[in-house]
Amino acid sequence: MKQNLLNFNLKELEKIVIHNLNEPKFRAKQIFQWLYKKYTFNINNFSNISKSTKEKLNTKFEIKKPQIHHISYCEQDNAYKFLLKTEDEKFIESILMICNKRVTLCISCMIGCPLKCKFCATGNELKFIRNLEVSEIVGQFLEINKYLQKNKIKQKITNIVFMGMGEPLLNIENVTKTLEILTNNDAIGISKNKITISTAGIIQGLSEIINKFGIKLAVSLHFTTDKQRSNFMPINLKYPIKKLLEEIKKISLNKRDYITIEYLMLKNINDTLNHAKKLVQILSHLKVKINLIPYNPTKTLSVKTSTEQQLNLFAKYLRSKFIPVTVRRSKGQKIKGGCGQFVLSKENHENF
Ligand code: SAH
């Protein structure tokens, strides 16, 4: 079976070039540039590589990435939602959010998710199928970038967030390679502080990957006690809050950097002033920004999102304690922007 060139980082490609193709090491960089700088996905068009080498490449390698299957656009949010189809005919989703000069692509790293957080559509309503390959993660960027160019949409993707379907820390090998491609200047070359990984709180490898790349971290904390968090997020039984926060403490932050704490606002469940106080208390030793997220209702959890008034009170309290707070407004809600909700509407044959 042919191997997919989009699955390799530069080091691996260099080994392939030397050992499989008997070519000098610098060919790897050339291939990398064809793929990620010139968006050329046909080996025959690698014009600075000899015909015989291209033939050798063609016999052992191919270039495959997920294809855009459907797009929906929400004018109110200026957000596009892409449904992409993998080679084995599974669906993944990516969302592009345009906000002035900032164009953020939210990508998936799994088909489904094994974590089963109770408020999440991906974990509860979709089956966990498998981890995505590097070519499928970086392929979301390549495919959507191609779409923007083709449709003469001037904006360029400036930021990447791993907040689509799946848990990045449970696909750490492929996410690491994807980060190597995203940040390498001979490849996509996005600056490290424009990339954010969001985790439900897997400790294994967390501080290492953030420190290695110097990228940003968002943690889906959502609750302030182990009892409540374990109830909604079973992963908390394995990695309780105290251990998670100790791990986050190991992350080295620059002067202006902070950790983003994501906090879902669930009416009468975690949104009282007492919860806000407890939140301030448990985060006191960390440099954080808190992102309050109104709950986007799913079929499997029938709780309400907090009222606007309660959300404002919560935010006001946090700010009074000098914690920066942002509130995630409806971005993507109209186009079923909650994690996994777009793939679901496809599976349920709803009209887009
Ligand atoms: N597995 C990673 C990234 C995927 S989810 C993580 O858990 O962080 C991205 C964010 O959307 C997480 O903060 C997640 O908790 C949140 N989310 C999931 N379901 C949601 C819903 N129904 N409404 C609002 N936010 C939701």
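Throughout, numbering of the chain's residues begins at 1 and tracks the sequence. Note that ligands are numbered from 1 as they come in the structure, with each ligand's atoms numbered from 1 the same way.
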State plainly whether one hydrophobic cluster holds both M163 and Y258, where clusters connect Ile, Leu, Val, Met, Phe, Trp and Tyr through side-chain heavy atoms under 4.5 angstrom apart. no

Does a donor on one side chain sit under 3.5 Å from an acceptor on the other, for [X] and [Y]?
{"X": "N145", "Y": "Y39", "value": "yes"}
{"X": "S191", "Y": "N193", "value": "yes"}
{"X": "E93", "Y": "S108", "value": "no"}

Practice item. Using non-hydrogen atoms of the residue, decide whether G164 is closer than 4.0 angstrom to ligand 1. Key: yes

**Asked** Short N/O distance, under 3.5 Å, between F119 and ligand 1?
**Response** yes

**Q.** Close N or O approach (A121, ligand 1; < 3.5 Å)
**A.** no

Could you list the atoms of ligand 1 found under 4.0 angstrom from a heavy atom of [X]?
{"X": "L264", "value": "23 (N), 24 (C), 25 (N)"}
{"X": "I293", "value": "24 (C), 25 (N)"}
{"X": "S198", "value": "2 (C), 3 (C), 6 (C), 8 (O)"}
{"X": "G166", "value": "1 (N), 2 (C), 3 (C), 4 (C)"}
{"X": "H222", "value": "13 (O), 14 (C), 15 (O)"}
{"X": "E262", "value": "13 (O)"}

Presence of salt bridge, E143 and K146, under 4.0 angstrom:
yes

In plain terms, say whether K249 and E246 are close enough for a salt bridge, that is, a side-chain N and a carboxylate O under 4.0 Å apart. no

### Task
For the residue pair F91 and H69, categorise the inter-ring angle as parallel (less than 30°), tilted (30 to 60°) or perpendicular (more than 60°).
perpendicular

With heavy atoms only and a cut-off of under 4.0 Å, state how [X] meets ligand 1: side chain, backbone, both or neither.
{"X": "V219", "answer": "neither"}
{"X": "E167", "answer": "both"}
{"X": "T298", "answer": "side chain"}

*Start with the C-alpha gap between I71 and K81, add the side-chain angles, then the distance that decides, and say whether side chain to side chain contact (heavy atoms under 4.5 Å, CB included) holds.*
CA-CA 6 Å; I71 304 167; K81 186 123 186 183; over 6 Å; no

